[in-house]
Amino acid sequence: MLKFVLRRLTFSIPVLIGILLVTFILARAIPGDPCLAVLGERATEEICETFFRRNGLDQPLPAQLLIYMRNFLGGDLGDSLRFHRPVMELLVDRLPTTVELGFFALLFAISVGVPVGVLSAYRHKSALDVGTMIGANIGVSMPVFWLGLMLAYLFAVLLKDTPFALPPSGRLTPGANPEPFYLVAGWYAEGEEPLGILRFFSRIHTLNAVLTLNGELLIDALRHLILPAVAVGTIPLAIIARMSRSSVLEVLNQDYVRTARAKGLREHVVVGKHALKNAMLPVITVIGLNFGLVISGAVLTETIFSLTGVGRTLVDSITSRDYTLVQGFTVVIAAGFVIINMVVDILYGYLDPRIRFN
Amino acid sequence: MENSEPASLAPSENYRSANLWLEALRNLRHSPSALIGSAVIGALVIIAVFAPAFATHDPIQTMIGVPGETGRLPSKPPCIPLLGCEEPQHILGLDLNARDLYSRVIFGTRTSLSVGVITISLSILVGTALGISAGYMGGRVDNVIMRLMDVVLAFPALLLAISIVTILGPGLTNALLGITITFIPQYARLSRASVLSIKEQEFIIAEQALGASPLRIVLAHILPNAITPIIVQGTLGVGTAILDAAALSFLGLGAQPPTPEWGQILSESRNYLFTSPHLVFFPGFAIMITVLGFNLLGDGMRDALDPRLNRS
């Protein structure tokens, strides 16, 4: 197993270097003078020279690449041109929103998609099965941003005066100011600067609410999460349901399932214990592949639901030509994507020994 | 036995491949999803080609001060005669710039269909060329091309497209280019895999022994054998490409106003969702129907062309 993990790790390293290389080249391919872009049109030649020297831009390209990689490994992504703050700091501020949204979107997709897929395979060609397949086909064809807008209209306008009404924007009710768990626990005094990682976790509102045992905050945060999470999770849900269905169908037709039935095992043991275990393997891969969809979905839905996450910040930065931010965020998201895929592969190898030994 | 009659190999291959296509067509005719998908796409193609005939107004003309117009405020709600509306001038109402929404959605079909088809054709062309070169040449060429494809695949597709458009500048052509790049690796991988499985087969080795040029081998033997999965993947890809293009336009990076493009129409009116939901509903619905059409056809084709799933 260790050998497999190491092999998979070494396979990811060239891809990660490739990502750094591609973003480096993309950033250098941006037309226009970086000095004028950062310091404004009025920057003189002398000021620009100092700027170039300070940022290592007077060096030859390979040397620049080395500086860039060294900075990246040290967690330095440069300063945002628009916010005049380190990109890393912005990431710690805004990534929690996206992580929370992505987590709940996937949770929704898996918790609905897998049971629906398994059931419709078990009741192959029933009304439920046909309905699932039609629903899944429609689900994968819907633009995320359109679904988000339609959900917002349905739950915030049409169902406004019913108990089903849900807030169409923001992460918490305006005015809510939850106390971070590290302050509640007394680890830091008010006004002290906490560790970045603690600040990161405290900004995941649902987690913070659980850690501070604040039920009201938890419900408020969850109510705000439902619409965006459903919007982001619908395409993955449809894909997961389809995959679970076809995977279970295939397994149910295999000899060992027939043997299990023939030896008189109860149906729920045959399906639940024997069939599901093997059928879930391809589903795990599909779940891994869906992280990309979740990230794309987050970019689109955060704008709609006024969530200040990574996606919305990225989109806004494009229009204001904040290249350092776009570059930094893109690298981190892509690297995260590679690492998640690696973890999924390793998990897959752990669950299915055939993968490990091939 | 096989070596004693090399001349008979080619005709039997042809015979089998013709049979395969005929059988696929027969299977397609029995697949409800392929039938519905083709009907939807067929209808959309007709709408796109004859858009001026279907549209009631100029899609970019504002109706302010136009003779015969009632002069009401923009973003008029839809007026559907079937539902008892007496003023059937603008079937889906007017948008915020007082343009006829129905005509804009109709003309949007042209943009979306062409973006989908052009993107996928380009990426199939480039991807297949890269994949076949990698698979056929092997060694270092293979390594360089496929590692590059791994890197492109490492980015979430929409994010990479956004980065590319950021550099090239917003616009439909650049969006198209950005999306094309994100699709290339799929086709490179598919065609490479097919080449690898074919190139060691005896009929290829026989061709090489007879002195056929690599180009001839690739065009006459490898490509026809590798094309089936690419066609299936391509049909499914058109839907995704249309969704991506609409998303880029929605973010303001794709089609620019006043071009009638579905994502762009949605983007223009999304802030008026609570007062004029119809402006958001119809273009989004059009995207969904189009993507659904390609997905259904793609699914049907996969079932029809995959011999392993063949109903006996």
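Source: prediction; values computed, not measured. All chains are named by letter (A, B, ...) in the order of the sequence lines, taking the proteins before the strands, and each is independently numbered beginning at 1.
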Is B/L153 close to chain A through its backbone or its side chain, or both, or neither, when contacts mean heavy atoms under 4.5 Å? backbone
So which of A/N137, A/L293, A/T23, A/T303 has the largest heavy-atom pair count under 4.5 angstrom toward chain B? A/N137
Look at A/V157, A/I19, A/I295 and state which one has the largest set of heavy-atom pairs under 4.5 Å with chain B. A/I19
Once rounded to the nearest 0.5 Å, what's the spacing between atom CD1 of A/I333 and atom CG of B/L160? 12.0 Å
Sub-4.5 Å side-chain heavy-atom contact between B/F250 and A/V144: no
Neighbour count >12 (heavy atoms, 6.0 Å) for atom CZ, B/F285: no
Closest non-hydrogen contact found for B/A154 with A/F337 is O-CD2, 2.7 Å
Chain B contact via A/V294 - side chain, backbone, both or neither, heavy atoms under 4.5 Å: neither
Nearest heavy-atom pair of B/F281 and A/W146: which atoms, and what distance? O-NE1, 3.2 Å
If I measure from the heavy atoms of chain A, does B/L273 come under 4.5 Å with its side chain, its backbone, both, or neither? both
Less than 4.5 Å to any heavy atom of chain B: does that hold for the side chain of A/L147, its backbone, both, or neither? neither
Please look at A/V15 and chain B and tell me whether the side chain, the backbone, both or neither of the residue comes under 4.5 angstrom of a heavy atom of that chain. both
Looking only at A/A152, A/S296, A/P14, the option with the highest number of non-hydrogen pairs under 4.5 Å against chain B is A/S296
Got more than 12 heavy atoms from elsewhere within 6.0 Å of CD, A/Q254? yes
Name the orientation class of the two ring planes belonging to B/F274 and A/Y153 (parallel below 30°, tilted from 30 to 60°, perpendicular beyond 60°). parallel
Part of A/L16 lying under 4.5 Å from any heavy atom of chain B: neither
A/F11 CZ to B/D150 CG distance, which is reported to the nearest 0.5 Å: 4.5 Å
Please round to the nearest 0.5 Å and tell me the distance separating atom OG of A/S141 and atom CG of B/L243. 7.5 Å
Which one of B/T240, B/V291, B/N295 satisfies the side chain to side chain contact (heavy atoms under 4.5 Å, CB included) criterion with A/V140? B/N295
Over all atoms of both residues, closest heavy-atom pair of A/M150 and B/P277: CE-O, 4.3 Å
For the CD1 atom of A/I138 and the CD1 atom of B/I289, what is their distance to the nearest 0.5 Å? 7.5 Å
Is A/A335 in contact with chain B via its backbone, its side chain, both, or neither, using a 4.5 Å heavy-atom distance? neither
CD1 of A/I134 to CG of B/L296: how many Å apart, nearest 0.5 Å? 9.5 Å
Non-hydrogen atoms of chain B under 4.5 Å away: do they reach the side chain of A/L149, the backbone, both or neither? both
Do B/L251 and A/V299 come within less than 4.5 Å of each other through their side chains, counting heavy atoms only? yes
So, the part of A/R242 with a heavy atom under 4.5 Å from chain B: the answer is side chain
Give a yes or no on this: more than 12 heavy atoms of other residues, nucleotides or ligands lie within 6.0 Å of atom OH of B/Y272. no
Rounded to the nearest 0.5 Å, the CG atom of A/L314 sits from the CD1 atom of B/I162 at a distance of 6.0 Å
